[in-house]
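Everything on this sheet refers to the single structure shown next.
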Amino acid sequence: MTARVPGSKSITNRALLLAAAATGITRLRAPLVSDDTLAFRTALTGLGVRITETGDAWEVTGTGRGPVAADAGADTGAGAGAAAGTRVWCADAGTAARFLPPFAATGTGRFVFDGTDQLRARPLRPLADALTALGAEVATGPGGALPLTVTADGLTGGDITLDSSFSSQYLTGLLLSAPLMSAPLTVRARSLVSRPYVDMTLALMRHFGALTEDHGDGAITVHPGGYTAADLTVEPDASTASYFFAAAAVTGRSVTVPGLGTGSSQGDLGFVEVLRRTGADVEITGSATTVTGRPDGRLTGGFDVDMGNISDTFMTLAAIAPLADGPVTVHGIGHARLKESDRIEAVARNLRALGIHTEEGPERITIHPGAPRPAEIACHRDHRIAMAFSVLGLRTGGITLDDPACVAKTFPGFHDELRRLFPGAATPQGI
């Protein structure tokens, strides 16, 4: 079976910003169309970037520089306010809140970034401190979070150390806008998590003409010079593909995702190697990845795996782990407590509601084998929780989701695609 997986959110939003900062017109083919990418796109248009739709592509007319704040009373989408400058609504999109302030700081004027209560709960202090050190005037909301105000007059670059233990997105945000600075920027990332996302960022920056140096000791230097428009086709989202690969493993079927192969820039494709440890057969070619489960859907357990670099997929494994023949421990995922929800706690509570013995620590979770009982899954408005437990629902009747629509954050058609691929299997009720 071939799964129709939409474009990568991580690539789409990075490419949108790179195209916006570039000189010329970029054509982004097959971008992800979801709540998060539309929020990011709307925020960019509010910053003066022209984006039009042409068929299945977005055409971005780059400004070649940082944005210029609007006059008093400007507003880019939500919330009122007469304060001078440009107000940028990030909705639930963490990438918008972390990638766009550095872009604004390379421009001129006053920018106010805000978002939903869920996004306001996510930390921004390391990014705010870094922008301050680089010369921007930055004010945050309570706890170092949104709303965040940037008063900008360009950035000169420099040499800074960045706490990257919470998220790699702070580092990515600075790197993306570094070519717009007037001098080289060297960032020394301390306790960096999710390194593959940084590698993706650097690869995309080079695609748009940036000159970067990875010193191999946690330090990365980006040279000034701006970006040049460069067309790009967005590959399928590897994090989203994880649910369909896991579904193949637990149903004993075979699922192929075309366009996601050995040349992928997404670290989350590494999830299939974790599935290989559960006994699934995995084939990766230059153009596609296929996962085939054992005929009886049996999973091998009894292992411990570090998923720190692919933490967006740990929930996929955790949700199906009760079906394994031994305990499964995932560690290295402490930063997942600071995502859309405290993902470790949320997953553990949902598994316990299903009657599964689960243990958790600051940066780990252990799931023991068991027969899940019917229960309602508390999604916490977190798309990944909803999608992960939907996969378990293929083998366990009576699972319901309290917020099935939250999948629209990254894949509005997720439930329809799951039903299309597995018409004879159970699916979560109420969808």
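The basis for the numbers below is simple: all heavy atoms, side chains too, and nothing from hydrogens, waters or symmetry mates.
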What I want to find out is whether Glu273 reaches Arg277 closely enough, with some N-O distance under 4.0 Å, to be called a salt bridge.
no
Before giving the answer on side chain to side chain contact (heavy atoms under 4.5 Å, CB included), spell out for Ser265 and Leu204 the whole-Å C-alpha distance, their side-chain angles and the decisive distance to 0.1 Å.
CA-CA 9 Å; Ser265 63; Leu204 287 168; 5.7 Å; no
Check against side chain to side chain contact (heavy atoms under 4.5 Å, CB included), Leu131 and Leu155:
CA-CA 9 Å; Leu131 290 175; Leu155 294 178; 4.3 Å; yes
Given 3.5 Å as the limit, does a donor-acceptor pair link the side chain of His415 with the main chain of Pro404, or not?
yes
Of all heavy-atom pairs between Arg364 and Ile344, which one has the smallest distance, and what is that distance?
O-CG2, 3.7 Å
Backbone N/O of Arg27 and side chain of Asp231: donor-acceptor pair under 3.5 Å:
yes
Non-hydrogen atoms of Thr106 and Ser177 that approach each other most closely:
CG2-O, 3.8 Å
Taking CG in Asp117 as the centre, count heavy atoms belonging to other residues, nucleotides or ligands within less than 6.0 Å. Is the count above 12?
no
Does Thr292 use its side chain to pair, donor to acceptor, with the backbone of Ala248 at less than 3.5 Å?
no
For a quick test of reading the model, state the closest non-hydrogen atom pair linking Ala288 to Thr256 and the distance between them.
CB-CG2, 3.9 Å
Where is the tightest heavy-atom contact between Trp58 and Leu32, given as atom of each residue plus distance?
CH2-O, 3.5 Å
Can you establish whether the number of heavy atoms outside Arg29 located under 6.0 Å from its atom CZ is more than 12?
yes
Check: Thr86 side chain, Ala70 main-chain N or O, donor-acceptor pair, under 3.5 Å:
yes
Using only atom types and a distance under 3.5 Å, with no angle test, would you say the side chain of Ser34 pairs donor to acceptor with the backbone of Lys409?
yes
Compare all side-chain heavy atoms of Thr212 with those of Asp214 and state whether any distance is below 4.5 angstrom.
no
Between Glu59 and Ile25 (side chain of the first, backbone of the second, donor and acceptor by atom type, cut-off under 3.5 Å), is there such a pair?
no
Short N-O contact, Arg384 and Asp268, less than 4.0 angstrom
no
Under the side-chain hydrogen bond (donor to acceptor under 3.5 Å, both in side chains) rule, collect the residues that match up with Asp163, sequence neighbours excluded.
Ser165
Run the numbers on Thr12 and Thr37 for side chain to side chain donor-acceptor pair (under 3.5 Å), then give the verdict.
CA-CA 7 Å; Thr12 297; Thr37 59; over 6 Å; no
Tell me, please, which residues at least two apart from Thr316 pass side-chain hydrogen bond (donor to acceptor under 3.5 Å, both in side chains).
Ser242
So for atom CZ, which belongs to Arg349, do other residues, nucleotides or ligands contribute more than 12 heavy atoms lying within a distance under 6.0 Å?
no
Kindly write out the residues that satisfy side-chain hydrogen bond (donor to acceptor under 3.5 Å, both in side chains) with Asp159, not counting sequence neighbours, or none if the list is empty.
Arg188
Looking only at heavy atoms, the pair that brings Ala241 and Leu260 closest together is CB-CD2, 3.8 Å
List the atom pairs, with distances to 0.1 Å, where a side-chain N or O of residues 95-102 and a protein N or O form a donor-acceptor pair under 3.5 Å, not counting sequence neighbours.
from, atom 1, to, atom 2, distance (Å)
Thr95, OG1, Asn13, ND2, 2.9
Arg98, NH1, Ser167, OG, 3.4
Arg98, NH1, Gln169, OE1, 3.1
Arg98, NH2, Pro123, O, 3.2

For Leu180 and Gly66, the nearest pair of non-hydrogen atoms, with its separation, is CD1-N, 4.0 Å
Suppose we call two aromatic rings close when their centres sit under 6.0 Å apart. Are Phe414 and Phe244 close by that rule?
yes
Is a side-chain donor or acceptor of Asp237 paired with a backbone partner of Pro6 at a separation under 3.5 angstrom?
no
Selection residues 165-175 - residue pairs positive for salt bridge (Lys or Arg N to Asp or Glu O under 4.0 Å), sequence neighbours left out
none
side-chain hydrogen bond (donor to acceptor under 3.5 Å, both in side chains) involving Glu376 - partner list, sequence neighbours excluded
none
I'd like to know if the side chain of Arg381 and the backbone of Cys406 have a donor-acceptor N/O pair within less than 3.5 Å.
no
Ion pair Asp416/Arg419, N-O distance below 4.0 Å:
yes
Do His223 and Glu213 have side-chain N/O donor and acceptor atoms under 3.5 Å apart?
yes
Any donor-acceptor N/O pair, Arg343 side chain to Ser311 backbone, under 3.5 Å
no
